[in-house]
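Report on one structure; see the data block that follows.
In what follows, every heavy atom counts, from backbone to side chain, and hydrogens, waters and symmetry copies are set aside. Chain letters run A, B, ... following the sequence lines, proteins first and then strands; every chain starts at 1.
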Amino acid sequence: MSISTKYNPKEVEQKWYDSWLQHGFFHSEPNPHKEPYTIVIPPPNVTGVLHMGHMLNNTIQDVLIRRARMQGKEACWVPGTDHASIATEAKVVAMLKERGISKADLTRDEFLAYAWEWKDKYGGIILEQLKKLGASCDWERTRFTMEDDLSEAVIEVFVDLYRKGNIYRGVRMVNWDPQGGTALSDEEVIPKETMAKMYHLQYEVVEEGASSEPAYITVATSRPETIMADVAVAVNPNDKRYKHLHGKQVRIPLLGRVIPVIQDEYVSIDFGTGALKVTPAHDLNDYELGQKHKLPTIDILNNDGTLNEQAQLYVGQDRFAARRNIVKDLEVAGLLVKTEEYQSVLQTSERTGAVIEPRLSMQWFCKMDELARPALDAVMNDDIRLYPPKFKNMYRSWMENIRDWCISRQLWWGQRIPAFYLPDGSFVVAPNAEEALQQARKQSDNNNLQASDLRQDEDVLDTWFSSWLWPISVFNGFKDPDNKDICYYYPTNDLVTAPEILFFWVARMIMAGYEFRNEMPFRNVYLTGIVRDAQGRKMSKSLGNSPDPLDLIEQYGADGVRAGMLFSSPAGNDLLFDEKLVEQGRNFSNKIWNAYRLIKGWEVDETLPCPNETAIRWFESRFNEAFAQLEDHFSKFRISDALLVVYKLVWDDFCSSYLEMIKPAYQQPIDRQSIDATIGFLENVLKVLHPFMPFITEEIWHDLKERKPKEFLIIAPWPKKDKSDKSLVVEMERVLNVVGAIRNIRNAKNIPSNKPLDLAVKVVSGTVYEPFLSIIAKLANVGDISFVAETQDGAISFVEGGDEFFIPMEGNIDMAAERERLTKELEYTKGFLVSVQKKLSNERFVNGAPAAVIAGERKKQSDAEAKIFAIEQSLASLQ
RNA sequence: GGGGUGUUAGCUCAGCUGGUUCAGAGCACCUGCCUUACAAGCAGGGGGUCACUGGUUCGAACCCAGUACGCCCCA
């Protein structure tokens, strides 16, 4: 035989992927005779490259879609990417820099031309990488959130929501990057642990009458340069130290402006000095405090992080320079009581590294309360199911406390907000400039208004404002709401994504589904865990602890990597990735490969009778049993468990047991019935393996026999549930235990495996061993098997299922050791019997427990009694 | 600070309705094997006070309460 003993994935993966593509197996069209099964991919960032999280996520989607396809459903997996405003702009800016061009020198249109150039050249690499993994996406349906149809949908939705009163402009605290000159979303902000200084400043209390000695209150702050923006000092109403200050006023140091002392339970008594300066324009918590107490806001910062005229002092200085200077001046004025170091978290920009400035600015918002209601209900009443369900609670708490969604971004790459400002500062919202002009003329009552008088909002919409429409927009559900695709594929079936974006994306898709199509976007949401390294650290570029997925595929094969990822990834739990898992996956590929080599190598002798009927009947039952478990796991999205069932079926039952049972002696032929049955079993095994390991299974499928032109495993029918002979499975389990016991004795006594042993059986249980004798003989290398009525002398014995087994030892038995072993087992069994008897003599147990449980206990009792009797006899024979 | 969730073998985790197989799996580990499909393998083996303390129950890894520690989300 010339086939390699090692499976070589490189030779087969590209071949089969190309072949599947050529045959159009990934492509789907609405088919009224078939049930649709649809997944939309969580669109990766167009600038992205494949990382371990994508691998896990997309492997799971591929497993689901491949199984559905084999089940005969019209399986459609829609791929695509999102335009990722911020990340892409950063890439484009970097590209321009290399060419010596600055973004500031370009018009918006020029910049966008470069952005498209970048996207066409480098964008979407990740989709090509997914092909290496074996992802069976319908590539003809690939979408991109910035393409025309999807952009139109975004604008249409914006206008629609605006007209319904769900979109408004307002001032809000945003993460401002003074260096980048834009607001950032929370996800683009990186917290960094740093040592910061806490400054204790004295605010003079304003006394009514003329008092000789001024009183002070000490306020702790890490940002002394913001005192010019203070509008109050807050204390906890329960703080006894400050009771006398309630209703009083204090003076800001250096500046002298008078501000009130307010009371709020928000202030923690033991942090700092228990007195908090309130600066609504420059701190989110202070902002909320300010809103609550109806305080004004004073913004002392410019876009670039320098102080403006509002500050009155240090105007024009950078915030950090101003901090240094004011600390000096406070010290000189004797108002700085002390400075202490403390550990704090500094928010920095992912893009520029600059320290983020919480800052009030005018932004566009989408109202959430009405949109959220149906989306909350759908999940709470299980119309949409989350796997694992523990995320329901998290989902609820978020949806019940939802805040309005800031949807504007100060960027160019994205859908530009369709708001048009009139010369008088008012604005209209319209899908295009022409309609905007019509509306503007009406609104201003000025028919002379020209298009050139209108100025479109400079900002673009948050990328999520595109992604939340994804399950609808990929099927053109906005442009053409009754088209064949959307009617057939929507609602989609399963969504597979990471819990981190449960709110940003999943919840919003659900809202959009109900708002724009009156229907859920998907029925099930499978939430994967985060891929971490073996030490539990999140994989990141800066730590350098993430392996390159393509290297792994190169090294272990796509099938090995897929299996490895799934071995340890229960839904919703983080996956501690270890290359060992992938190695295990590769080893599994090899095991399958070698089982195939064995079968492939057999010569058939048509004249031979079949000696393997029991083995064949057993494996058939065993397969059906495992298949039922597999289906059960799939129905509950236990993908990892599903793989493990198949893994054990293949490795333990098929390879270690079944093939060993039927394997002819070396270079002997096999009979027709056995080979046919075995090939049938292998085909079934390949089918259930295929979703997990598509390449090797397709390869063996085709190598195994001549196939018709369209007879591919990828579209072969998924097995059907079938009966299994439960008692046969149980009996075989007992037989395999006997085999194990004999092997154990062989090992313990150092008897070489090629030396046949004899076996005597004293049947007590009534079990009929005859059909299994040849199996025992083969697997345990037993020569002569005899049935006896009496306990055998001069033999090593063991008990299985109440029956006694003896292996004659021709007198060289260590009597003492045997006695010790048997005595130990006897004692254990007696102890076990006592506990069972105790239970059975407890009246309340006998009255209270279900009949089946009691019957079980009685069986335990009689089994134990039989075993004790047998061991005692053996012991007696050793005297 | 609020909410969620977890703690089972050296590691990662199952254990689904409290009761057949209740203490499991995979990996790792130990012993012996290059036995003609596979050393990326074969055969066998050891290993756990189910975090702790109480309670409910005939019966608890499982239900309840508290404690300790961990993680996640929100602020």
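Ring pair A:Trp464/A:Phe504 is parallel by interplanar angle, where below 30° counts as parallel and above 60° as perpendicular. Using cut-offs of 30° and 60° for the angle between ring planes, the A:Trp398 and A:Phe503 rings count as parallel.
Among the protein residues, A:Asn754 comes within range of no part of the nucleic acid, since none of its heavy atoms lies under 4.0 Å from any strand. Counting any heavy atom pair closer than 4.0 Å across all strands shown, A:Arg746 reaches no nucleic acid atom. Using a 4.0 Å heavy-atom distance criterion, A:Trp602 is classed as making no nucleic acid contact. A:Lys663 comes within contact range of at least one nucleobase, with a heavy-atom separation under 4.0 Å.
Nearest-nucleotide positions on RNA chain B place A:Glu583 closer to the 5' end than the other of A:Asn744 and A:Glu583.
Taking 4.5 Å as the limit, every side-chain heavy atom of A:Leu276 sits out of range of all side-chain heavy atoms of A:Val235.
Looking at A:Asp382 and A:Lys392, a side-chain N of the basic residue comes within less than 4.0 Å of a carboxylate O on the acidic one, giving a salt bridge. Looking at A:Glu800 and A:Lys867, no side-chain N of the basic residue comes within less than 4.0 Å of a carboxylate O on the acidic one, giving no salt bridge.
You'll find a donor-acceptor pair under 3.5 Å spanning the side chain of A:Arg586 and the base of B:A40, going by distance alone. Remark: the A:Lys591 side chain and the B:C38 base include a donor-acceptor N/O pair separated by less than 3.5 Å. No hydrogens or angles were tested; on distance alone, nothing pairs the side chain of A:Gln584 with the base of B:A28 as donor and acceptor under 3.5 Å.
Between A:Leu643 atom CG and B:C27 atom P there is a gap of 12 Å when expressed in whole angstrom units.
Taking only side-chain atoms of A:Asn393, from C-beta outward, the nucleotide of B:U5, B:A37, B:C16 with the closest atom is B:U5. Here the nucleotide nearest the side chain of A:Leu659, chosen from B:A37, B:U5, B:G44, is B:A37.
When each of A:Tyr647, A:Phe681, A:Phe619 is paired with A:Phe654, the ring-ring contact (aromatic ring centres under 6.0 Å, His included) condition holds for A:Phe619 and for no other. Only one option out of A:Asn781, A:Ile751, A:Ile796 pairs with A:Leu757 in a side chain to side chain contact (heavy atoms under 4.5 Å, CB included); it is A:Ile751.
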Strand RNA chain B as a dot-bracket string - pairs counted if Watson-Crick or G-U with both distances under 3.5 Å, | where the partner lies in another strand
(((((((..((((.....[....)))).(((((.......))))).....(((((..]....)))))))))))).
